[in-house]
2 protein chains.
Amino acid sequence: MRFKYLFLCTFCLDGWKPAIQASKQNIHIKKGQLIFAEGDPVKGIYFVYEGNIKVHKKWDDEKELILRFAKKGDILGHLGIGSGDIYPVSATALEAAVVCYIDMSFFESSLTANNNFVIKLMRFFADELQTSEKRMKNLVHLPVKGRVAQAIISIKNQFGVSENGFINFEPAKLDLASFAGTAYESLFRTLNDLVDEHIITLSGKSIMIKDEARLLQLVAGN
Amino acid sequence: MRFKYLFLCTFCLDGWKPAIQASKQNIHIKKGQLIFAEGDPVKGIYFVYEGNIKVHKKWDDEKELILRFAKKGDILGHLGIGSGDIYPVSATALEAAVVCYIDMSFFESSLTANNNFVIKLMRFFADELQTSEKRMKNLVHLPVKGRVAQAIISIKNQFGVSENGFINFEPAKLDLASFAGTAYESLFRTLNDLVDEHIITLSGKSIMIKDEARLLQLVAGN
DNA sequence: CGAGTTGTTGACGTGTGTCAAAAGAAGTGG
DNA sequence: CCACTTCTTTTGACACACGTCAACAACTCG
(Lines give C-alpha, C1' and ligand atoms only; values in the text may rest on other atoms or scores of the structure.)
Protein backbone atom coordinates (compact mmCIF):
# COMPACT_ATOMS: atom_id res chain seq x y z
CA MET A 1 0.00 0.00 0.00
CA ARG A 2 2.62 2.46 1.01
CA PHE A 3 4.76 1.23 -1.83
CA LYS A 4 2.00 1.84 -4.28
CA TYR A 5 1.52 5.40 -3.18
CA LEU A 6 5.20 6.19 -3.19
CA PHE A 7 5.71 4.66 -6.55
CA LEU A 8 2.93 6.51 -8.24
CA CYS A 9 3.66 9.77 -6.62
CA THR A 10 7.30 9.49 -7.45
CA PHE A 11 6.56 8.58 -10.96
CA CYS A 12 3.78 10.96 -11.55
CA LEU A 13 5.81 13.84 -10.24
CA ASP A 14 9.30 12.83 -11.26
CA GLY A 15 9.63 10.42 -14.12
CA TRP A 16 6.47 11.62 -15.68
CA LYS A 17 6.82 15.28 -15.09
CA PRO A 18 8.26 16.02 -18.51
CA ALA A 19 5.84 13.71 -20.23
CA ILE A 20 2.87 15.16 -18.49
CA GLN A 21 3.91 18.69 -19.23
CA ALA A 22 4.50 17.80 -22.83
CA SER A 23 0.97 16.54 -23.35
CA LYS A 24 -0.66 18.48 -20.60
CA GLN A 25 -4.35 17.75 -20.43
CA ASN A 26 -5.92 18.35 -17.11
CA ILE A 27 -9.55 17.40 -16.95
CA HIS A 28 -11.97 18.67 -14.34
CA ILE A 29 -14.58 16.19 -13.27
CA LYS A 30 -17.78 16.92 -11.41
CA LYS A 31 -19.02 14.90 -8.51
CA GLY A 32 -20.71 11.74 -9.67
CA GLN A 33 -19.44 12.08 -13.20
CA LEU A 34 -18.11 9.10 -15.13
CA ILE A 35 -14.51 9.36 -16.26
CA PHE A 36 -14.73 6.26 -18.38
CA ALA A 37 -17.22 3.42 -18.48
CA GLU A 38 -17.09 -0.32 -18.87
CA GLY A 39 -17.09 -1.04 -22.55
CA ASP A 40 -15.64 2.27 -23.66
CA PRO A 41 -12.75 1.99 -26.08
CA VAL A 42 -9.40 2.56 -24.40
CA LYS A 43 -7.97 5.87 -25.47
CA GLY A 44 -5.60 6.81 -22.70
CA ILE A 45 -4.51 6.60 -19.13
CA TYR A 46 -5.13 8.91 -16.22
CA PHE A 47 -3.41 10.18 -13.12
CA VAL A 48 -5.45 11.58 -10.27
CA TYR A 49 -4.46 15.06 -9.23
CA GLU A 50 -7.31 15.84 -6.90
CA GLY A 51 -10.34 14.10 -5.49
CA ASN A 52 -11.36 10.52 -4.76
CA ILE A 53 -12.57 8.19 -7.44
CA LYS A 54 -14.16 4.77 -7.41
CA VAL A 55 -13.35 2.03 -9.89
CA HIS A 56 -16.22 -0.36 -10.26
CA LYS A 57 -17.87 -3.05 -12.31
CA LYS A 58 -21.57 -2.96 -12.91
CA TRP A 59 -23.83 -5.85 -12.16
CA ASP A 60 -27.47 -5.40 -13.00
CA ASP A 61 -28.64 -1.79 -12.78
CA GLU A 62 -28.19 -0.35 -9.32
CA LYS A 63 -25.80 -3.07 -8.24
CA GLU A 64 -22.07 -3.03 -8.58
CA LEU A 65 -18.80 -4.19 -7.11
CA ILE A 66 -16.26 -1.52 -6.28
CA LEU A 67 -12.81 -2.82 -7.07
CA ARG A 68 -10.74 -0.03 -5.65
CA PHE A 69 -10.70 3.61 -4.74
CA ALA A 70 -8.18 5.96 -6.30
CA LYS A 71 -6.97 9.11 -4.67
CA LYS A 72 -4.49 11.89 -5.36
CA GLY A 73 -1.41 10.45 -7.00
CA ASP A 74 -2.99 7.20 -8.12
CA ILE A 75 -3.10 5.83 -11.61
CA LEU A 76 -6.40 5.17 -13.37
CA GLY A 77 -7.37 3.16 -16.40
CA HIS A 78 -4.20 1.14 -16.36
CA LEU A 79 -6.12 -2.01 -17.21
CA GLY A 80 -6.32 -0.58 -20.68
CA ILE A 81 -2.65 -1.44 -21.01
CA GLY A 82 -3.58 -5.09 -21.35
CA SER A 83 -4.46 -6.75 -24.62
CA GLY A 84 -8.11 -5.74 -24.56
CA ASP A 85 -9.19 -2.62 -26.38
CA ILE A 86 -12.07 -1.69 -24.10
CA TYR A 87 -12.12 -0.77 -20.44
CA PRO A 88 -13.33 -3.66 -18.31
CA VAL A 89 -14.30 -1.28 -15.50
CA SER A 90 -15.84 2.12 -14.92
CA ALA A 91 -14.42 5.06 -13.02
CA THR A 92 -16.64 7.57 -11.28
CA ALA A 93 -15.68 10.65 -9.30
CA LEU A 94 -16.96 10.61 -5.74
CA GLU A 95 -16.41 14.35 -5.50
CA ALA A 96 -15.11 17.16 -7.67
CA ALA A 97 -11.83 15.89 -9.10
CA VAL A 98 -8.98 16.74 -11.41
CA VAL A 99 -7.32 14.08 -13.51
CA CYS A 100 -4.44 14.24 -15.90
CA TYR A 101 -5.03 12.49 -19.17
CA ILE A 102 -2.27 10.90 -21.19
CA ASP A 103 -2.91 9.59 -24.64
CA MET A 104 -2.35 5.87 -24.90
CA SER A 105 -0.15 6.00 -27.97
CA PHE A 106 2.05 8.55 -26.26
CA PHE A 107 2.11 6.47 -23.11
CA GLU A 108 2.99 3.32 -24.99
CA SER A 109 5.81 4.91 -26.88
CA SER A 110 7.17 6.21 -23.60
CA LEU A 111 7.28 2.66 -22.32
CA THR A 112 9.89 1.63 -24.80
CA ALA A 113 11.99 4.62 -23.85
CA ASN A 114 12.03 4.20 -20.10
CA ASN A 115 12.82 0.67 -19.04
CA ASN A 116 13.01 1.54 -15.40
CA PHE A 117 9.52 2.91 -15.43
CA VAL A 118 8.14 -0.21 -17.06
CA ILE A 119 9.71 -2.37 -14.41
CA LYS A 120 8.13 -0.30 -11.69
CA LEU A 121 4.83 -0.35 -13.45
CA MET A 122 5.09 -4.11 -13.73
CA ARG A 123 5.80 -4.37 -10.02
CA PHE A 124 2.77 -2.24 -9.37
CA PHE A 125 0.65 -4.60 -11.45
CA ALA A 126 2.08 -7.59 -9.62
CA ASP A 127 1.10 -6.01 -6.32
CA GLU A 128 -2.35 -5.15 -7.56
CA LEU A 129 -2.82 -8.71 -8.73
CA GLN A 130 -1.75 -9.98 -5.36
CA THR A 131 -4.21 -7.69 -3.60
CA SER A 132 -6.94 -8.69 -5.96
CA GLU A 133 -6.45 -12.38 -5.35
CA LYS A 134 -6.36 -11.94 -1.62
CA ARG A 135 -9.55 -9.96 -1.75
CA MET A 136 -11.15 -12.55 -3.95
CA LYS A 137 -10.43 -15.26 -1.46
CA ASN A 138 -11.90 -13.17 1.33
CA LEU A 139 -15.01 -12.26 -0.61
CA VAL A 140 -15.63 -15.92 -1.34
CA HIS A 141 -15.01 -17.35 2.09
CA LEU A 142 -15.69 -14.66 4.66
CA PRO A 143 -19.14 -13.94 6.06
CA VAL A 144 -20.47 -10.41 5.65
CA LYS A 145 -19.01 -9.23 8.92
CA GLY A 146 -15.53 -10.21 7.83
CA ARG A 147 -15.96 -8.62 4.45
CA VAL A 148 -17.05 -5.37 5.99
CA ALA A 149 -14.10 -5.52 8.35
CA GLN A 150 -11.82 -6.09 5.41
CA ALA A 151 -13.33 -3.14 3.58
CA ILE A 152 -12.84 -0.81 6.54
CA ILE A 153 -9.27 -1.91 7.11
CA SER A 154 -8.50 -1.53 3.46
CA ILE A 155 -9.88 2.00 3.38
CA LYS A 156 -8.02 2.91 6.52
CA ASN A 157 -4.75 1.68 5.06
CA GLN A 158 -5.26 3.61 1.88
CA PHE A 159 -6.49 6.88 3.30
CA GLY A 160 -5.13 6.93 6.82
CA VAL A 161 -6.71 8.53 9.83
CA SER A 162 -6.87 12.21 10.72
CA GLU A 163 -5.96 13.70 14.11
CA ASN A 164 -9.43 13.17 15.51
CA GLY A 165 -9.06 9.44 14.90
CA PHE A 166 -11.54 9.12 12.08
CA ILE A 167 -10.60 7.58 8.77
CA ASN A 168 -9.68 10.21 6.22
CA PHE A 169 -12.36 9.19 3.79
CA GLU A 170 -16.12 9.30 4.03
CA PRO A 171 -17.63 6.78 1.69
CA ALA A 172 -21.37 6.72 1.08
CA LYS A 173 -22.92 3.72 2.75
CA LEU A 174 -23.94 2.45 -0.64
CA ASP A 175 -20.37 2.56 -1.86
CA LEU A 176 -19.13 0.86 1.24
CA ALA A 177 -21.62 -1.92 0.65
CA SER A 178 -20.47 -2.31 -2.94
CA PHE A 179 -16.88 -2.37 -1.79
CA ALA A 180 -17.60 -5.07 0.77
CA GLY A 181 -19.58 -6.99 -1.82
CA THR A 182 -22.78 -7.09 0.15
CA ALA A 183 -26.29 -5.63 0.20
CA TYR A 184 -27.01 -2.16 1.45
CA GLU A 185 -29.11 -3.29 4.38
CA SER A 186 -26.70 -6.03 5.38
CA LEU A 187 -23.91 -3.48 5.57
CA PHE A 188 -26.03 -1.42 7.85
CA ARG A 189 -26.81 -4.08 10.38
CA THR A 190 -23.21 -5.15 10.34
CA LEU A 191 -21.95 -1.64 11.00
CA ASN A 192 -24.37 -1.39 13.89
CA ASP A 193 -23.14 -4.69 15.25
CA LEU A 194 -19.58 -3.45 15.09
CA VAL A 195 -20.57 -0.29 16.92
CA ASP A 196 -22.42 -2.27 19.57
CA GLU A 197 -19.33 -4.37 20.11
CA HIS A 198 -17.24 -1.21 20.51
CA ILE A 199 -15.06 -2.15 17.56
CA ILE A 200 -15.79 0.99 15.58
CA THR A 201 -17.51 4.35 16.07
CA LEU A 202 -19.62 6.15 13.53
CA SER A 203 -20.24 9.85 13.08
CA GLY A 204 -22.21 10.56 9.97
CA LYS A 205 -20.21 9.03 7.15
CA SER A 206 -17.01 9.01 9.18
CA ILE A 207 -15.67 5.83 10.67
CA MET A 208 -13.29 5.45 13.59
CA ILE A 209 -11.64 2.17 14.43
CA LYS A 210 -11.66 1.62 18.16
CA ASP A 211 -10.43 -1.93 18.40
CA GLU A 212 -8.28 -2.75 15.42
CA ALA A 213 -7.20 -6.06 16.87
CA ARG A 214 -10.70 -7.44 16.86
CA LEU A 215 -11.36 -5.98 13.45
CA LEU A 216 -8.35 -7.80 12.08
CA GLN A 217 -9.50 -10.91 13.82
CA LEU A 218 -12.68 -10.87 11.74
CA VAL A 219 -10.56 -11.22 8.63
CA ALA A 220 -8.64 -14.01 10.31
CA GLY A 221 -6.21 -15.84 8.10
CA ASN A 222 -5.88 -12.99 5.61
CA MET B 1 -6.50 -16.34 -22.94
CA ARG B 2 -5.09 -17.15 -26.32
CA PHE B 3 -2.78 -14.19 -26.01
CA LYS B 4 -1.50 -15.41 -22.70
CA TYR B 5 -0.61 -18.75 -24.07
CA LEU B 6 1.08 -17.36 -27.12
CA PHE B 7 3.04 -14.89 -25.15
CA LEU B 8 4.38 -17.31 -22.64
CA CYS B 9 5.12 -19.95 -25.14
CA THR B 10 6.88 -17.50 -27.35
CA PHE B 11 8.84 -16.09 -24.55
CA CYS B 12 9.57 -19.26 -22.77
CA LEU B 13 10.79 -20.89 -25.95
CA ASP B 14 12.25 -17.95 -27.77
CA GLY B 15 13.30 -14.95 -25.77
CA TRP B 16 14.06 -17.06 -22.78
CA LYS B 17 15.72 -19.95 -24.47
CA PRO B 18 19.24 -18.67 -23.92
CA ALA B 19 18.50 -17.61 -20.38
CA ILE B 20 16.95 -20.89 -19.53
CA GLN B 21 19.77 -22.85 -21.01
CA ALA B 22 22.30 -20.74 -19.19
CA SER B 23 20.82 -21.50 -15.80
CA LYS B 24 19.16 -24.73 -16.71
CA GLN B 25 17.44 -26.23 -13.73
CA ASN B 26 14.68 -28.61 -14.60
CA ILE B 27 12.82 -29.93 -11.63
CA HIS B 28 10.69 -33.03 -11.67
CA ILE B 29 7.61 -32.87 -9.51
CA LYS B 30 5.49 -35.77 -8.37
CA LYS B 31 1.72 -35.76 -8.44
CA GLY B 32 0.30 -33.88 -5.50
CA GLN B 33 3.63 -32.36 -4.57
CA LEU B 34 3.92 -28.74 -3.54
CA ILE B 35 6.17 -26.61 -5.71
CA PHE B 36 6.01 -23.67 -3.36
CA ALA B 37 3.68 -22.80 -0.52
CA GLU B 38 1.95 -19.71 0.78
CA GLY B 39 4.38 -18.01 3.09
CA ASP B 40 7.53 -19.42 1.58
CA PRO B 41 10.22 -16.86 0.84
CA VAL B 42 10.41 -15.99 -2.83
CA LYS B 43 13.51 -17.47 -4.37
CA GLY B 44 12.74 -17.75 -8.02
CA ILE B 45 10.28 -18.08 -10.80
CA TYR B 46 9.11 -21.13 -12.72
CA PHE B 47 8.05 -22.11 -16.19
CA VAL B 48 5.95 -25.19 -16.71
CA TYR B 49 7.40 -27.67 -19.16
CA GLU B 50 5.07 -30.55 -18.55
CA GLY B 51 2.00 -31.30 -16.48
CA ASN B 52 -0.87 -29.32 -15.01
CA ILE B 53 -0.52 -27.34 -11.83
CA LYS B 54 -2.97 -25.58 -9.57
CA VAL B 55 -2.30 -22.25 -7.93
CA HIS B 56 -4.31 -21.87 -4.76
CA LYS B 57 -4.80 -20.04 -1.50
CA LYS B 58 -5.56 -21.98 1.63
CA TRP B 59 -8.51 -21.22 3.82
CA ASP B 60 -8.88 -23.30 6.93
CA ASP B 61 -7.44 -26.79 6.55
CA GLU B 62 -9.12 -28.73 3.77
CA LYS B 63 -10.64 -25.65 2.20
CA GLU B 64 -9.08 -23.53 -0.46
CA LEU B 65 -9.70 -21.28 -3.42
CA ILE B 66 -8.01 -22.20 -6.66
CA LEU B 67 -6.93 -19.05 -8.41
CA ARG B 68 -5.78 -20.53 -11.67
CA PHE B 69 -4.45 -23.59 -13.36
CA ALA B 70 -1.09 -23.55 -15.11
CA LYS B 71 -0.18 -25.85 -17.95
CA LYS B 72 2.70 -26.42 -20.33
CA GLY B 73 4.22 -23.09 -21.28
CA ASP B 74 2.75 -21.10 -18.41
CA ILE B 75 4.63 -19.02 -15.91
CA LEU B 76 4.47 -19.79 -12.21
CA GLY B 77 5.34 -17.83 -9.11
CA HIS B 78 5.30 -14.51 -10.90
CA LEU B 79 3.54 -12.88 -7.99
CA GLY B 80 6.90 -13.03 -6.31
CA ILE B 81 7.95 -10.24 -8.64
CA GLY B 82 5.89 -7.80 -6.58
CA SER B 83 7.17 -5.99 -3.55
CA GLY B 84 6.43 -8.80 -1.12
CA ASP B 85 9.14 -11.26 -0.25
CA ILE B 86 6.93 -14.26 0.36
CA TYR B 87 4.62 -16.14 -1.97
CA PRO B 88 1.00 -15.22 -1.34
CA VAL B 89 -0.18 -18.46 -2.96
CA SER B 90 0.73 -22.12 -3.18
CA ALA B 91 1.38 -24.21 -6.28
CA THR B 92 0.66 -27.92 -6.36
CA ALA B 93 1.17 -30.38 -9.19
CA LEU B 94 -2.02 -32.16 -10.23
CA GLU B 95 0.04 -34.82 -11.94
CA ALA B 96 3.69 -35.61 -12.59
CA ALA B 97 5.21 -32.40 -13.86
CA VAL B 98 8.42 -30.78 -14.99
CA VAL B 99 9.12 -27.16 -14.23
CA CYS B 100 12.02 -24.97 -15.12
CA TYR B 101 13.36 -22.93 -12.24
CA ILE B 102 14.97 -19.55 -12.72
CA ASP B 103 16.67 -17.85 -9.86
CA MET B 104 15.02 -14.55 -8.97
CA SER B 105 18.19 -12.51 -8.97
CA PHE B 106 19.03 -13.81 -12.39
CA PHE B 107 15.52 -13.15 -13.56
CA GLU B 108 15.51 -9.63 -12.19
CA SER B 109 18.79 -8.74 -13.78
CA SER B 110 17.45 -10.02 -17.06
CA LEU B 111 14.59 -7.59 -16.77
CA THR B 112 16.81 -4.58 -17.03
CA ALA B 113 18.45 -6.04 -20.09
CA ASN B 114 15.39 -6.86 -22.13
CA ASN B 115 12.92 -4.01 -22.22
CA ASN B 116 10.67 -5.72 -24.70
CA PHE B 117 10.26 -8.68 -22.45
CA VAL B 118 9.32 -6.52 -19.49
CA ILE B 119 6.65 -4.80 -21.51
CA LYS B 120 5.17 -8.12 -22.52
CA LEU B 121 5.36 -9.35 -18.98
CA MET B 122 3.61 -6.20 -17.83
CA ARG B 123 0.87 -6.74 -20.40
CA PHE B 124 0.52 -10.26 -19.12
CA PHE B 125 0.08 -8.95 -15.59
CA ALA B 126 -2.46 -6.43 -16.79
CA ASP B 127 -4.46 -9.19 -18.41
CA GLU B 128 -4.22 -11.36 -15.35
CA LEU B 129 -5.45 -8.51 -13.22
CA GLN B 130 -8.34 -7.98 -15.55
CA THR B 131 -9.27 -11.65 -15.40
CA SER B 132 -8.96 -11.64 -11.65
CA GLU B 133 -11.29 -8.70 -11.23
CA LYS B 134 -13.83 -10.16 -13.58
CA ARG B 135 -13.75 -13.41 -11.69
CA MET B 136 -14.05 -11.57 -8.40
CA LYS B 137 -17.22 -9.86 -9.54
CA ASN B 138 -18.69 -13.16 -10.66
CA LEU B 139 -17.80 -14.98 -7.48
CA VAL B 140 -19.47 -12.25 -5.45
CA HIS B 141 -22.65 -11.86 -7.42
CA LEU B 142 -23.36 -15.11 -9.21
CA PRO B 143 -25.22 -18.00 -7.61
CA VAL B 144 -23.44 -21.36 -7.48
CA LYS B 145 -24.75 -22.48 -10.83
CA GLY B 146 -23.26 -19.46 -12.52
CA ARG B 147 -19.96 -19.87 -10.76
CA VAL B 148 -19.71 -23.49 -11.85
CA ALA B 149 -20.58 -22.47 -15.39
CA GLN B 150 -17.88 -19.84 -15.26
CA ALA B 151 -15.38 -22.40 -13.99
CA ILE B 152 -16.17 -24.85 -16.79
CA ILE B 153 -15.98 -22.19 -19.47
CA SER B 154 -12.73 -20.94 -18.10
CA ILE B 155 -11.21 -24.41 -18.11
CA LYS B 156 -12.45 -25.06 -21.61
CA ASN B 157 -10.89 -21.84 -22.86
CA GLN B 158 -7.58 -22.64 -21.25
CA PHE B 159 -7.29 -26.29 -22.16
CA GLY B 160 -9.47 -26.63 -25.22
CA VAL B 161 -11.43 -29.69 -26.25
CA SER B 162 -10.14 -32.90 -27.80
CA GLU B 163 -11.57 -34.61 -30.89
CA ASN B 164 -14.14 -36.52 -28.89
CA GLY B 165 -15.58 -33.25 -27.64
CA PHE B 166 -14.47 -33.51 -24.05
CA ILE B 167 -12.47 -30.77 -22.38
CA ASN B 168 -8.78 -31.50 -22.46
CA PHE B 169 -8.41 -31.45 -18.72
CA GLU B 170 -9.84 -33.68 -16.04
CA PRO B 171 -9.97 -31.85 -12.75
CA ALA B 172 -10.81 -33.68 -9.56
CA LYS B 173 -14.28 -32.70 -8.41
CA LEU B 174 -12.76 -31.25 -5.29
CA ASP B 175 -10.52 -29.00 -7.33
CA LEU B 176 -13.39 -27.96 -9.53
CA ALA B 177 -15.32 -27.00 -6.42
CA SER B 178 -12.42 -24.95 -5.12
CA PHE B 179 -12.10 -23.28 -8.48
CA ALA B 180 -15.78 -22.39 -8.55
CA GLY B 181 -15.55 -21.19 -4.96
CA THR B 182 -18.21 -23.49 -3.64
CA ALA B 183 -18.66 -26.57 -1.48
CA TYR B 184 -17.90 -30.04 -2.69
CA GLU B 185 -21.47 -31.26 -2.44
CA SER B 186 -22.93 -28.15 -4.00
CA LEU B 187 -20.74 -28.67 -7.01
CA PHE B 188 -22.15 -32.18 -7.50
CA ARG B 189 -25.72 -31.21 -7.37
CA THR B 190 -25.02 -28.38 -9.75
CA LEU B 191 -23.17 -30.60 -12.19
CA ASN B 192 -26.07 -33.02 -12.07
CA ASP B 193 -28.50 -30.22 -12.73
CA LEU B 194 -26.45 -29.16 -15.73
CA VAL B 195 -26.45 -32.72 -17.02
CA ASP B 196 -30.20 -33.03 -16.51
CA GLU B 197 -30.69 -29.87 -18.49
CA HIS B 198 -28.53 -31.28 -21.28
CA ILE B 199 -26.05 -28.43 -20.97
CA ILE B 200 -23.07 -30.66 -20.29
CA THR B 201 -22.19 -34.34 -20.31
CA LEU B 202 -19.98 -36.12 -17.85
CA SER B 203 -17.82 -39.17 -18.27
CA GLY B 204 -15.74 -39.85 -15.24
CA LYS B 205 -13.75 -36.71 -14.67
CA SER B 206 -14.21 -35.55 -18.22
CA ILE B 207 -16.64 -32.82 -19.10
CA MET B 208 -18.22 -32.09 -22.44
CA ILE B 209 -20.11 -28.92 -23.14
CA LYS B 210 -23.24 -29.66 -25.09
CA ASP B 211 -24.97 -26.31 -25.04
CA GLU B 212 -22.41 -23.56 -24.71
CA ALA B 213 -24.98 -20.85 -25.32
CA ARG B 214 -26.93 -21.74 -22.22
CA LEU B 215 -23.78 -22.18 -20.23
CA LEU B 216 -22.70 -18.67 -21.15
CA GLN B 217 -26.14 -17.45 -20.30
CA LEU B 218 -25.64 -18.59 -16.72
CA VAL B 219 -22.73 -16.18 -16.46
CA ALA B 220 -24.90 -13.50 -18.02
CA GLY B 221 -23.24 -10.17 -18.25
CA ASN B 222 -19.91 -11.89 -17.63
C1' DC C 1 -12.10 -59.36 3.19
C1' DG C 2 -11.46 -55.12 5.79
C1' DA C 3 -10.02 -50.43 5.43
C1' DG C 4 -9.51 -46.36 3.26
C1' DT C 5 -10.65 -43.17 -0.47
C1' DT C 6 -13.95 -41.11 -3.54
C1' DG C 7 -18.54 -40.33 -5.14
C1' DT C 8 -23.66 -39.45 -3.93
C1' DT C 9 -27.71 -38.32 -1.75
C1' DG C 10 -30.73 -36.68 2.16
C1' DA C 11 -31.93 -33.52 5.73
C1' DC C 12 -31.25 -29.45 8.27
C1' DG C 13 -30.05 -24.73 9.93
C1' DT C 14 -28.83 -20.29 9.00
C1' DG C 15 -26.76 -16.32 6.89
C1' DT C 16 -28.00 -12.99 4.01
C1' DG C 17 -30.40 -10.99 0.05
C1' DT C 18 -34.84 -9.15 -1.03
C1' DC C 19 -39.08 -6.83 -0.33
C1' DA C 20 -41.66 -3.52 2.04
C1' DA C 21 -42.76 -0.17 5.05
C1' DA C 22 -41.78 3.26 8.77
C1' DA C 23 -39.17 7.09 10.29
C1' DG C 24 -36.30 10.92 9.38
C1' DA C 25 -34.21 14.53 6.61
C1' DA C 26 -34.42 17.82 3.25
C1' DG C 27 -36.07 20.39 -0.13
C1' DT C 28 -40.44 23.01 -2.55
C1' DG C 29 -43.88 25.88 -2.96
C1' DG C 30 -47.86 28.27 -1.33
C1' DC D 1 -44.38 28.60 8.80
C1' DC D 2 -46.77 24.71 7.55
C1' DA D 3 -48.48 20.83 4.29
C1' DC D 4 -46.47 17.95 0.69
C1' DT D 5 -43.46 15.78 -1.98
C1' DT D 6 -39.06 13.13 -2.54
C1' DC D 7 -35.02 10.96 -0.98
C1' DT D 8 -32.24 8.69 2.39
C1' DT D 9 -31.73 5.99 6.47
C1' DT D 10 -33.41 2.33 9.41
C1' DT D 11 -35.90 -1.54 11.01
C1' DG D 12 -38.87 -5.74 10.36
C1' DA D 13 -40.21 -9.99 8.31
C1' DC D 14 -39.53 -13.58 5.16
C1' DA D 15 -37.77 -17.04 1.95
C1' DC D 16 -34.46 -19.65 0.03
C1' DA D 17 -29.86 -20.76 -1.57
C1' DC D 18 -26.18 -23.04 0.02
C1' DG D 19 -22.84 -24.73 3.44
C1' DT D 20 -22.52 -28.25 6.89
C1' DC D 21 -23.23 -32.71 8.80
C1' DA D 22 -24.12 -37.42 8.40
C1' DA D 23 -25.14 -41.64 6.30
C1' DC D 24 -24.41 -44.56 2.59
C1' DA D 25 -22.81 -46.61 -1.93
C1' DA D 26 -19.05 -47.66 -4.96
C1' DC D 27 -14.56 -48.56 -5.83
C1' DT D 28 -9.74 -49.16 -5.12
C1' DC D 29 -5.85 -51.44 -2.94
C1' DG D 30 -3.28 -53.93 0.15
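In what follows, chains carry the letters A, B, and so on, assigned in the order in which the sequence lines appear, proteins first and then strands, with residues in each chain numbered from 1. What's counted below: heavy atoms across the whole structure, side chains too, no hydrogens, waters or symmetry copies.
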Note: contacts of residues 168-185 of chain B with DNA chain D (heavy atom, under 4.0 Å) are B/Thr182, B/Ala183, B/Glu185
Per atom distances to the B/Val144 side chain, the nearest of D/dC18, C/dT16, C/dT9 is D/dC18
Whole-Å distance, A/Arg189 CZ to C/dT18 C1', equals 10 Å
Report task. Start with the C-alpha gap between B/Val42 and B/Asp85, add the side-chain angles, then the distance that decides, and say whether side chain to side chain contact (heavy atoms under 4.5 Å, CB included) holds. Result -> CA-CA 6 Å; B/Val42 174; B/Asp85 49 0; 5.7 Å; no
Atom CG of B/Leu187 and atom P of D/dC18 are separated, to the nearest Å, by 13 Å
Counting only side-chain N and O atoms of A/Asn192, is one of them less than 4.0 Å from OP1 or OP2 of D/dT11?
yes
Practice prompt. Determine, using ring centers only, whether B/Tyr46 and B/Phe36 are less than 6.0 Å apart.
Written response: yes
note: B/His141, atom NE2; D/dA17, atom P; distance rounded to Å ~ 18 Å
Taken to the nearest whole Å, CG/B/Leu202 to P/C/dG7 is 12 Å
Just to be sure I understand the rule, does B/Lys145 reach a base, reach only the sugar-phosphate, or reach nothing, if contact means heavy atoms closer than 4.0 Å? nothing
Verify the ring-centre separation between A/Phe125 and B/Phe125: is it less than 6.0 angstrom?
no
Compare side-chain N and O positions of B/Ser186 against OP1 and OP2 of D/dC18 and report whether any pair is under 4.0 Å apart. no
Between CG of A/Asp196 and P of D/dT11 the distance, given in whole Å, is 10 Å
Rounded to whole Å, the CG-P distance (B/Asp193 to C/dT9) equals 11 Å
Keeping the roles fixed (side chain from A/Gln217, backbone from A/Arg214), state whether a donor-acceptor pair exists under 3.5 Å. no
When rounded to whole Å, the NZ to C1' distance for the pair B/Lys205 and D/dT28 reads 12 Å
Do the two ring centres, one from A/Phe179 and one from A/Phe69, sit under 6.0 Å apart? yes
Worksheet item: Quick one: do B/Glu50 and B/Lys71 make a salt bridge, cutoff under 4.0 Å?
Response: no
Less than 4.0 angstrom from a charged side-chain N to a carboxylate O is my criterion; do A/Lys43 and A/Asp103 meet it? no
Atom CG of B/Leu191 and atom P of D/dC18 are separated, to the nearest Å, by 14 Å
Using a cut-off of less than 4.0 Å, is there contact between a side-chain N or O of B/Lys63 and OP1 or OP2 of D/dG19? no
